[in-house]
Undergrad: 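Input: one structure, supplied below.
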Amino acid sequence: MSATAPKDVRTLVLRLVTEVPRGWARLGMALLFAVCASGASVALMGVSAWLLSFAAEHPAVSMLTLAATGVRTFGTSRGVFRYFERIFSHDVALRMQAALRLSTYTKLARTTLLGTRSGDMLLRVTADVEAIMDVVVRVALPFSSAVVVILGTSLMMTLFSPLSAAVLLGCSVLAGIVLPFVTQVFSRRADESIAPARADMANQVFTLAHNATDLVAYGYGDTELARLDAVDARLREAERRAAFTRGLAAGGQLVVMGMAVAAALVIGADAVVSGALAGRNLAVLCLTPLALHESFGDLTKAAQTLTQARTSLTRILTLLAVEPVGIGDRVVEQPDKRSPLQHPDALGVCLDVPLAAQAESPSSMLSDILALVLTHLTIGWPGCPDLLHGINLSVNQGERVVITGASGIGKTTLAATILGLVPPVDGCVHAPGHIAYLAQDAHIFATTVAENVRIGNPQATDDEIATALTKAGAAHLEPQRIVGEDGTTLSGGEARRLALARIFVSADVPAVVILDEPTEHLDQETATSLMEDVYTSFAQSALLIITHDPDVIAQSERELHLG
């Protein structure tokens, strides 16, 4: 998908169809087979009615052969046409879904954070993206094929009785087009509330699943469960209202098509009495509306599905159009002559810093051993108040600096700003291209220990992984051991050391290493041993350690206290 996000759902769908290889041709084939399948159903009913009526007159068997062959043909081909319709429609829909999901992932990869509600974000990239399939398979094709079949059937009925054909056309439009549209209007509020309610439920379930122990420990378990019940009740009420409206519409469709059958019976009987219509054709007039009713019986649900899909895809459009926070992946540019760092891969970001203030930086900034420079830096998340102002720091290669401060003061935000994940509000950040980072909430994936470590170096060998685990104090973890989602089968200390092993397995020694609470969940002996391995392995790197651990603070060369 192009860089510019579509403005509405219609533009999004058309763009996705265009991006799919031979998308319009695939969609056209799906529509063709859908029309053929529905048309075969109607034709099967009409020909069967004519065959039975004519057989009651006891004609020669040879006169029934063609009709009998038609019954077998339409009965068999209906399933074949429906099969190929499913093949082509799901093929193009799944390709569109893949393209949309890829665009969504690409957008997420280019930003640090688009929202703090993890459950809602998860629902957007899964269920909301899948709504594109509903638009194609459950909305566009059924309505399009129904319109074609209604017009074609009404045209064929004019050969028997123009008046009956006109009544059939009117009743079919009322039952197949108007009633679904009216249902969509009346249930729109309920349908539009389903996707947000599911997002709220996903958030609540995510909160309960990931914080159950803490919630129970602090006595908030019942409160959060009550919130989940409230969200579930809201979702069930919305689905109940939508189902109630759909039931009324389905009953209305049955009544309308019953009226079409009654009208065909009255009009056809008069025509038979007057001799304008053969008696055997009366059954065709009366039974054809029933076959049409079967072909658009699900259109009411399709109209409601359209509302729900539009709501879900609008949430995707919002995600694609929102301004990114940070840059997601670090963009390393070669420095020019004005850059204070002479690193070959330096990343420099300066915002509104007076030249006089930049000139205040020490002359040592031009030294090859200087790894990180922060000048008059102001940090904060976009759209939120600034957290800290006037941060000045220069760190040499091989130097240990700890960052301390009260919880929530902005230490992790400072690390994210140095990494380039969050843009600085003001000031300068000059950092090398290769920075290793241990996040306080580093994610542990539900795979093997070895694959978790390879996140730090996808080409790492088994021996390198074993060495990294040993340095991280996790030599007891078997590389092929499967860990649960979020590391639930590991202790807090094991998860911490597993995340740290990703840094140890790096192919190149990073110029800067940022560790966010590296000794958290570790006993003093293990923490001391771990930090000794860190100091040894990264003796030539600039170490920036965010910590509350007094032992780590005591072993540092300098301390930057925030706040």
Undergrad: State, to 0.1 Å, how close Val425 and Gly380 come at their nearest heavy-atom pair, and which atoms those are.
TA: CG2-N, 3.7 Å
Undergrad: For the residue pair Gly405 and His561, what are the closest heavy atoms and their distance?
TA: CA-CE1, 3.8 Å
Undergrad: So, for Val453 and Ala501, which heavy atoms are closest and what is the spacing to 0.1 Å?
TA: CG1-O, 3.9 Å
Undergrad: Answer yes or no: is there a donor N or O on one side and an acceptor on the other, between the side chain of Arg101 and the main chain of Val129, under 3.5 Å?
TA: no
Undergrad: Under 4.0 Å between a side-chain nitrogen and a carboxylate oxygen: does that hold for Asp128 and Arg124?
TA: no
Undergrad: Tell me, please, which residues at least two apart from Arg188 pass salt bridge (charged side-chain N to carboxylate O under 4.0 Å, His left out).
TA: none
Undergrad: Keeping Arg497 on the side-chain end and Ala474 on the backbone end, is there a donor-acceptor pair under 3.5 Å?
TA: no
Undergrad: Between Arg454 and Glu464, does at least one N-O distance fall below 4.0 Å, as a salt bridge requires?
TA: no
Undergrad: When you check the side-chain N and O atoms of Thr519 and Asp549, is any donor under 3.5 Å from an acceptor?
TA: yes
Undergrad: What pairs with His389 under ring pair (Phe, Tyr, Trp, His ring centres under 6.0 Å), at least two apart in sequence or on another chain?
TA: none
Undergrad: Would you please name every residue forming a ring pair (Phe, Tyr, Trp, His ring centres under 6.0 Å) with Phe33, sequence neighbours left out?
TA: Phe84, Phe88
Undergrad: Taking Pro142's backbone N and O only, do any of them form a donor-acceptor pair with Ser145's side chain (distance below 3.5 Å, no angle check)?
TA: yes
Undergrad: Can you tell me how far the CZ atom of Arg310 sits from the CG atom of Leu12, to the nearest 0.5 Å?
TA: 12.5 Å
Undergrad: Could you walk me through whether Arg198 and Glu239 pass the salt bridge (charged side-chain N to carboxylate O under 4.0 Å, His left out) test, one step at a time?
TA: CA-CA 11 Å; Arg198 285 177 178 165; Glu239 292 180 338; 3.2 Å; yes
Undergrad: For the residue pair Phe186 and Phe181, is the inter-centroid distance of their aromatic rings smaller than 6.0 Å?
TA: no
Undergrad: Could you walk me through whether Asp533 and Lys471 pass salt bridge (charged side-chain N to carboxylate O under 4.0 Å, His left out), step by step?
TA: CA-CA 6 Å; Asp533 284 334; Lys471 289 182 178 180; over 6 Å; no
Undergrad: I'd like to know whether Ile316 forms a side-chain contact (heavy atoms from CB on, under 4.5 Å) with Val9, so could you lay out the CA-CA distance, the side-chain angles of the two residues, the decisive distance to 0.1 Å, and finally the verdict.
TA: CA-CA 9 Å; Ile316 295 296; Val9 173; over 6 Å; no
Undergrad: How about Glu494 and His476: does a side-chain donor come under 3.5 Å of a side-chain acceptor?
TA: yes
Undergrad: Looking at Asp222, I'd like to know if its CG atom is crowded, meaning that more than 12 non-hydrogen atoms belonging to other residues, nucleotides or ligands lie closer than 6.0 Å.
TA: no
Undergrad: With side-chain contact (heavy atoms from CB on, under 4.5 Å) as the test, would you mind laying out the steps for Phe504 and Ile465 before giving the verdict?
TA: CA-CA 9 Å; Phe504 284 116; Ile465 290 173; over 6 Å; no
Undergrad: Answer yes if the side chains of His293 and Gln253 hold a donor-acceptor pair under 3.5 Å, and no otherwise.
TA: no
Undergrad: Which distance, rounded to the nearest 0.5 Å, do you find between the CG of Asp91 and the CZ of Arg22?
TA: 9.0 Å
Undergrad: For Asp386 and Thr378, which I'm curious about, is there any donor-acceptor pair between the side chains at under 3.5 Å?
TA: no
Undergrad: Should Glu237 and Arg241 count as an ion pair when the cut-off is N to O under 4.0 Å?
TA: yes
Undergrad: For Thr412 and Asp516, what are the C-alpha separation, side-chain angles and deciding distance, and is it a side chain to side chain donor-acceptor pair (under 3.5 Å)?
TA: CA-CA 7 Å; Thr412 301; Asp516 196 344; 2.9 Å; yes
Undergrad: About how many Å separate CD1 of Ile546 and OG1 of Thr404, when rounded to the nearest 0.5 Å?
TA: 10.5 Å
Undergrad: Does the Thr547 side chain pair with the main chain of Glu517, one donor and one acceptor, at a distance under 3.5 Å?
TA: no
Undergrad: Can you find a side-chain donor-acceptor pair between Thr448 and Gln480 that sits under 3.5 Å?
TA: no
Undergrad: If you count the non-hydrogen atoms of other residues, nucleotides and ligands that lie under 6.0 Å from CZ in Arg481, is the total more than 12?
TA: yes
Undergrad: Just checking, is any N or O donor in the side chain of Gln204 or Glu224 under 3.5 Å from an acceptor N or O on the other one?
TA: yes
Undergrad: Closest approach of Leu419 and Ile435, non-hydrogen atoms and distance?
TA: CD2-CG2, 3.5 Å
Undergrad: Could you tell me the separation between the OG atom of Ser506 and the CZ atom of Phe538, rounded to the nearest 0.5 Å?
TA: 7.5 Å
Undergrad: Quick one: does any side-chain atom of Arg26 pair with a main-chain N or O of Pro21 as donor and acceptor, under 3.5 Å?
TA: yes
Undergrad: Show your working on side-chain contact (heavy atoms from CB on, under 4.5 Å) between Leu500 and Val534 and close with a plain yes or no.
TA: CA-CA 9 Å; Leu500 184 59; Val534 169; 4.1 Å; yes
Undergrad: Applying the side-chain contact (heavy atoms from CB on, under 4.5 Å) test to Asp200, which of Val205, Leu235, Val231, Leu228 qualifies?
TA: Val231
Undergrad: Where do Gln97 and His90 land on the side-chain contact (heavy atoms from CB on, under 4.5 Å) test, with the steps shown first?
TA: CA-CA 10 Å; Gln97 179 179 305; His90 281 74; over 6 Å; no
Undergrad: What closest approach, in Å, do Ile444 and Ala495 show between heavy atoms, and which atom pair accounts for it?
TA: CD1-O, 3.9 Å
Undergrad: Considering residues, nucleotides and ligands other than Asp298, do more than 12 of their heavy atoms fall under 6.0 Å from its CG?
TA: no
Undergrad: What closest approach, in Å, do Ala415 and Ile514 show between heavy atoms, and which atom pair accounts for it?
TA: CB-CG2, 4.0 Å
Undergrad: Distance-only, no hydrogens or angles: does the Asn457 side chain make a donor-acceptor pair with backbone N or O of Val505 under 3.5 Å?
TA: yes
Undergrad: State the CG-CG distance between Asn452 and Leu490, to the nearest 0.5 angstrom.
TA: 8.0 Å
Undergrad: Indicate whether the side chain of Gln304 and that of Ser187 have a donor and an acceptor atom separated by less than 3.5 Å.
TA: yes
Undergrad: Please check if the side chain of Thr489 supplies one atom and the backbone of Gly484 the other of a donor-acceptor pair under 3.5 Å.
TA: yes
Undergrad: Quick check: do Val552 and Ile545 have side-chain heavy atoms less than 4.5 Å from each other?
TA: yes
Undergrad: Salt bridge or not for Arg82 and Glu85, using N-O below 4.0 Å?
TA: yes
Undergrad: Can you tell me how far CD1 of Ile391 sits from OG1 of Thr417, rounded to the nearest 0.5 angstrom?
TA: 8.0 Å
